[in-house]
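Just so you know, residue 1 is the first one in the sequence shown, and it goes up from there. Scope of the values below: all heavy atoms of this structure, side chains included, with no hydrogens, waters or symmetry mates.
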Amino acid sequence: MNKARLLVNRLIVGHLTLLLTNLFYNKHIACGVTNLKKIWIVTVLFCMFLTGCNGETASTENRNGEKTEKQEAGNENGSSEEKIKGQFDNNGSKERQEENKQARPAMKNERPKYRINPANWSVHPIESADAQVVLLTFDDAPHEYSLTIANTLKQHGAKAIFFVNGHFIDTEPEKAVLKKIHEMGFAIGNHTYSHATLKGLSEDEQAAEIVKLNDAVEAITGERPKFFRAPFGMNTDFSKRLAAKENMLVMNWTYGYDWEKEYQNKAALVDIMVNSPYLNSGANLLMHDRKWTSDAISGIIKGLKRRGFETVDPALIETP
């Protein structure tokens, strides 16, 4: 349609040009006023026509130009969006990598901030670490209530060591519980395979109690225990040497009450664990896999916090 209109315009322009030429060179041009008026009218019409044609052409060019600019702008915006999307994807990937790095166990990345005092088994700060802490430990795990205890600890953001006996990780369900506790970020300690009194065993038997359990824990969690607690706190010279050879830190405790009959209920156990005369900076608290302990642990953590104590992360304790 635009081509046809252009052809018609050209024909009209040609006829008008011819008419003007004839008028200008007509022999009566010099003496006829009427002819002068005709020339003036035709000239004005001719100019108006040319202006209209140019305006139409310009309008067409503007529309085409506007469309082209929009297309170019769209292309540029599309290109920019793709670039931004690419940057976002790259940044997102980097952020995920950083998050993954931060999620790795602190034990592998942080320097020790505490060490155990062998004179009283309390936790002492190294240099400027917070001294107002306690260490939570649970023996005879993972029997019936260890996973419940672990979940409660997790809800409060509290750390702890679960000292394991081998006869509680014999079956697949028991192994699954231990694996879960470990994956939740809790330290796993060695409490011997069968909870036998070490002083009544030969060195070979003691070695079997300790090393066999380490092997079993490693097979389940992928890590060997870093802490050792002898049953009833009764170590031998041999068990101490073997623990050192196995790169385990020997520890007993500062105080504990949940095996005594008068504290085998929630209220009594919370009260004594929070208000014990032995509670001090770095106290090493002993508890067990028991129902009343599971019921009391939330109250114990809250009570300790009210008294200004935080739970120390075992990953920050110096080990061999």
Hey, is the main chain of [Y] close enough, under 3.5 Å, to the side chain of [X] for a donor-acceptor pair?
X: D271; Y: A267; result: no
X: H124; Y: R115; result: no
X: Q264; Y: W292; result: no
X: T197; Y: K199; result: no
X: D258; Y: H288; result: yes
X: D289; Y: P142; result: no
X: N151; Y: I149; result: no
X: Y114; Y: D130; result: yes

TODO: Decide side-chain hydrogen bond (donor to acceptor under 3.5 Å, both in side chains) for D170 and Y193; before the verdict, give the C-alpha distance in whole Å, the side-chain angles of both, and the deciding distance to 0.1 Å.
DONE: CA-CA 10 Å; D170 286 333; Y193 204 93; 2.9 Å; yes
- [ ] Report the residue from E209, H167, K212 that forms a side-chain hydrogen bond (donor to acceptor under 3.5 Å, both in side chains) with S194.
- [x] E209
TODO: Evaluate the criterion side-chain hydrogen bond (donor to acceptor under 3.5 Å, both in side chains) for residue pair Q155 and T152; output intermediate values, then yes/no.
DONE: CA-CA 5 Å; Q155 291 171 5; T152 303; 5.0 Å; no
Open item on the list: side chain to side chain contact (heavy atoms under 4.5 Å, CB included), that's the test. Do I317 and F227 meet it? Break it down for me.
Closed with: CA-CA 10 Å; I317 298 175; F227 303 97; 4.3 Å; yes
So do the side chains of [X] and [Y] get within less than 4.5 Å of each other, counting heavy atoms only?
X: L242; Y: V211; answer: yes
X: K305; Y: T311; answer: no
X: R307; Y: K302; answer: no
X: P320; Y: L249; answer: yes
X: N235; Y: F228; answer: yes

Determine the minimum heavy-atom distance between [X] and [Y], stating which atoms define it.
X: K113; Y: A129; answer: O-CB, 3.4 Å
X: N252; Y: G233; answer: ND2-O, 3.2 Å
X: A196; Y: L201; answer: CB-CD1, 4.0 Å
X: L135; Y: P314; answer: CD1-CG, 4.1 Å
X: A207; Y: F238; answer: N-CE2, 3.9 Å
X: A160; Y: F138; answer: CB-CE1, 3.8 Å

Can a salt bridge be assigned to the pair [X] and [Y] using a cut-off of 4.0 Å between side-chain N and carboxylate O?
X: E183; Y: K180; answer: no
X: R290; Y: D140; answer: yes
X: K291; Y: E144; answer: no
X: R224; Y: D215; answer: yes

Under a single-linkage definition using a 4.5 Å side-chain heavy-atom cutoff for Ile, Leu, Val, Met, Phe, Trp and Tyr, are [X] and [Y] assigned to the same hydrophobic cluster?
X: W259; Y: V270; value: no
X: L153; Y: M184; value: yes
X: L147; Y: M287; value: yes
X: I116; Y: L279; value: no
X: V312; Y: L304; value: no

To the nearest 0.5 Å, tell me how far [X] [atom1] sits from [Y] [atom2].
X: F163; Y: T192; atom1: CZ; atom2: OG1; value: 11.5 Å
X: F168; Y: L213; atom1: CZ; atom2: CG; value: 11.5 Å
X: E172; Y: I220; atom1: CD; atom2: CD1; value: 8.0 Å
X: D295; Y: L269; atom1: CG; atom2: CG; value: 9.5 Å
X: W253; Y: D139; atom1: CH2; atom2: CG; value: 7.0 Å
X: I301; Y: M273; atom1: CD1; atom2: CE; value: 10.5 Å

Open item on the list: ring-ring contact (aromatic ring centres under 6.0 Å, His included) for F162 and H182? Distances and angles first, verdict last.
Closed with: CA-CA 9 Å; F162 285 83; H182 177 263; over 10 Å; no
Open item on the list: Could you go through E174 and K179, starting from their C-alpha distance and side-chain angles, then the distance that decides it, and tell me whether this counts as side chain to side chain contact (heavy atoms under 4.5 Å, CB included)?
Closed with: CA-CA 9 Å; E174 290 171 339; K179 184 176 177 64; over 6 Å; no
Could you verify whether a donor N or O on one side chain and an acceptor N or O on the other, from [X] and [Y], lie under 3.5 Å apart?
X: H195; Y: N165; answer: no
X: N284; Y: S122; answer: no
X: S239; Y: Q206; answer: no
X: T293; Y: Y145; answer: no

Open item on the list: Working note: M251 + I161, criterion side chain to side chain contact (heavy atoms under 4.5 Å, CB included); need CA distance, chi angles, decisive distance, verdict.
Closed with: CA-CA 11 Å; M251 70 164 67; I161 304 174; 4.0 Å; yes
Task: Heavy atoms from other residues, nucleotides or ligands near NZ of K266 exceed 12 (cutoff 6.0 Å) - done: no
Task: Steps toward side chain to side chain contact (heavy atoms under 4.5 Å, CB included) verdict (M248, I210) - done: CA-CA 11 Å; M248 292 190 295; I210 296 169; 3.7 Å; yes
